[in-house]
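Okay, structure first, notes after.
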There are 2 protein chains.
Amino acid sequence: MRDVVKAFKALSDETRLRILNILLERECCVCEVMQALAISQTSASRNLSALYDAGFLKLRKDGLWSLYSIDQEGMKEYFPDLIKSVRKALEGNEVVTVDRERLKKAARVGPGCARQQRK
Amino acid sequence: MRDVVKAFKALSDETRLRILNILLERECCVCEVMQALAISQTSASRNLSALYDAGFLKLRKDGLWSLYSIDQEGMKEYFPDLIKSVRKALEGNEVVTVDRERLKKAARVGPGCARQQRK
DNA sequence: TCCTTATATGCGCATATACGGTTGTATTTT
DNA sequence: AAAATACAACCGTATATGCGCATATAAGGA
């Protein structure tokens, strides 16, 4: 029960749905998510963790990078098609499209990049 | 997008999952929900509204009673089997079983009943 | 070892949400 | 008409959540 609540809680936030959306495109590191959604590194990291804790993501480490991707098996037992449904539900959305465009230009550079942009 | 967030938010609460569970048994008025879950009338009413606003419930009026029931068509477009999945995910849960037992004994008497219990 | 970089985390603030108690409203019963 | 009722709305309070800032951790390279 707790787990089910946690899963839905993870999905009940716009930022996290947007993250799922770009991870449906491809595996990303934290700084790519940050760029694609134009959010802070803190927010990217924390929301990725939340989705991970809820069982929606896989984590793979590669040197300095934490690479997150959709865990297709994760929710299979009770919610087999949930992620597919989410994708469909977001389709055609303005923000979601922009995120995907920004993702194409995103590179694996981290908060340092963000700091420079600020100045 | 907002609607999707709202839908998941509605499902990300234990009380509301418990409400869905008993409504899967049968249509209920507010006071029956209140008895089945052993919660206050305020809480029952508010959480039913939330589920209704999110598109999971139908509302039918019969005299004094507001009768809520699962809206099978509600989420069909994007989340066709969501409610079925929720049922499966809750199956075997302790609380959920107790709720169903109490529902059997519940009658259509409202807050007046609760007020008497308090004294 | 020291420095840079990518990510994670503690903290404080603002806001959102849940709850109980009370009140309001409409409808039925007496 | 008055009382009882079923439900919804309002109010104050406690807790949860999200965010940014600053800092900690961890990995790799000079």
Side-chain angles (χ1 to χ4, degrees), chain A residues 2 5-19 27-54 57-69 106-119, chain B residues 2 5-19 27-54 57 59-68 106-119:
Chain A
R2 279 262 162 265
V5 170
K6 184 193 262 191
F8 285 127
K9 199 159 284 188
L11 297 178
S12 65
D13 179 89
E14 184 166 322
T15 302
R16 287 191 289 272
L17 290 182
R18 289 169 64 200
I19 290 178
E27 182 184 58
C28 292
C29 67
V30 177
C31 63
E32 286 173 316
V33 170
M34 171 185 130
Q35 293 168 74
L37 273 62
I39 57 178
S40 70
Q41 182 266 323
T42 307
S43 178
S45 172
R46 262 202 246 276
N47 284 305
L48 281 162
S49 296
L51 286 168
Y52 179 85
D53 288 342
L57 304 185
K58 281 186 295 188
L59 171 57
R60 186 169 73 86
K61 295 270 190 178
D62 175 21
L64 286 181
W65 289 285
S66 292
L67 298 163
Y68 288 93
S69 57
R108 286 201 187 162
V109 289
C113 164
R115 206 176 305 134
Q116 289 181 358
Q117 287 176 351
R118 223 177 291 135
K119 290 178 183 176
Chain B
R2 278 261 160 266
V5 171
K6 185 193 262 191
F8 286 127
K9 199 159 282 188
L11 297 177
S12 66
D13 179 272
E14 183 166 323
T15 302
R16 287 192 289 273
L17 290 181
R18 289 168 64 199
I19 290 178
E27 183 184 59
C28 291
C29 66
V30 178
C31 64
E32 285 173 316
V33 170
M34 170 184 130
Q35 293 168 75
L37 273 63
I39 57 177
S40 69
Q41 182 266 324
T42 307
S43 178
S45 173
R46 240 200 321 262
N47 285 303
L48 280 163
S49 298
L51 286 168
Y52 178 84
D53 289 342
L57 304 185
L59 172 57
R60 186 168 72 86
K61 295 271 189 177
D62 176 21
L64 286 183
W65 290 285
S66 293
L67 297 164
Y68 288 93
R108 287 201 186 161
V109 288
C113 165
R115 206 176 302 135
Q116 287 181 1
Q117 288 174 349
R118 224 177 290 136
K119 291 176 183 175

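Chain A is the first sequence line, chain B the second, and so forth, proteins listed ahead of strands; every chain is numbered from 1. Worth saying up front: this structure is predicted, and the values here are computed from it rather than measured.
- Scanning both residues, Y68(B) and S49(B), for their nearest heavy atoms gives OH-OG, 4.4 Å.
- Put simply, CZ on R60(A) is 13 Å from P on dT7(C), counting in whole angstrom units.
- The side chain of S45(B) lies closest to dA8(D), out of dC19(D), dA8(D), dT9(C).
- When heavy atoms are screened at a 4.0 angstrom cut-off, K61(A) is found touching no nucleic acid atom at all.
- Phosphate proximity of dG20(C) to S40(B): present, with a side-chain N or O under 4.0 Å from OP1 or OP2.
- Separating the CD atom of E32(B) from the P atom of dC7(D) is a distance of 8 Å, rounded to the nearest angstrom.
- Put simply, CG on D62(A) is 12 Å from P on dA27(D), counting in whole angstrom units.
- Among the heavy atoms of the strands, none lies under 4.0 Å from S49(A).
- What separates CD of Q35(B) from C1' of dA6(D) is a distance of 12 Å, to the nearest Å.
- Summarising the geometry of A10(B) relative to L51(B), their closest heavy-atom pair is O-CD2, 4.0 Å, with the distance given to 0.1 Å.
- If you take CE of M34(B) and P of dG21(C), they are 12 Å apart, rounded to a whole angstrom.
- When all heavy atoms of R16(B) and A50(B) are compared, the closest pair comes out as CD-CB, 3.9 Å.
- In the set dA8(D), dG20(D), dA6(D), dA6(D) carries the atom at the smallest distance from any side-chain atom of L64(B).
- Distances were taken from every side-chain heavy atom of T15(B) (C-beta onward) to each of dC19(C), dG20(D), dC19(D); the shortest belongs to dC19(C).
- Distances from the side chain of V30(A) to the nucleotides dT7(C), dA9(D), dC19(C) place dT7(C) closest.
- Side-chain N/O atoms of Y68(A) include one lying less than 4.0 angstrom from OP1 or OP2 on dA8(C).
- Listed candidates were dG20(D), dG20(C), dA8(D). Nearest to the side chain of S43(B) is dG20(C).
- At whole-Å resolution of the value, CG in L48(A) and C1' in dT7(C) are 10 Å apart.
- Residues S66(A) and K61(A) meet the side-chain proximity criterion, which asks for heavy atoms closer than 4.5 Å.
- For S66(A), taking side-chain heavy atoms from C-beta onward, the closest of the listed nucleotides dT7(C), dG20(D), dT17(C) is dT7(C).
- Protein atom CZ of R46(B) is 17 Å distant from nucleotide atom P of dT23(C), rounded to whole Å.
- Contact annotation: N47(A) side-chain N/O to dC19(D) OP1/OP2 distance is under 4.0 Å.
- Across all strands shown, Y52(A) has no heavy atoms under 4.0 Å from either base or sugar-phosphate atoms.
- With hydrogens and angles ignored, the 3.5 Å screen pairs a side-chain donor or acceptor of R18(B) with a backbone N or O of L37(B).
- Checking G63(A) against K9(A), the closest nucleotide of DNA chain D that is more toward the 5' end is the one next to K9(A).
- Closest approach of F8(A) and L17(B) over heavy atoms only: CE1-CD2, 4.4 Å.
- Contact annotation: side chain of Q41(A) to base of dA8(C), donor-acceptor pair present below 3.5 Å.
- The NZ atom of K6(A) sits 15 Å away from the C1' atom of dT17(D) (whole-angstrom rounding).
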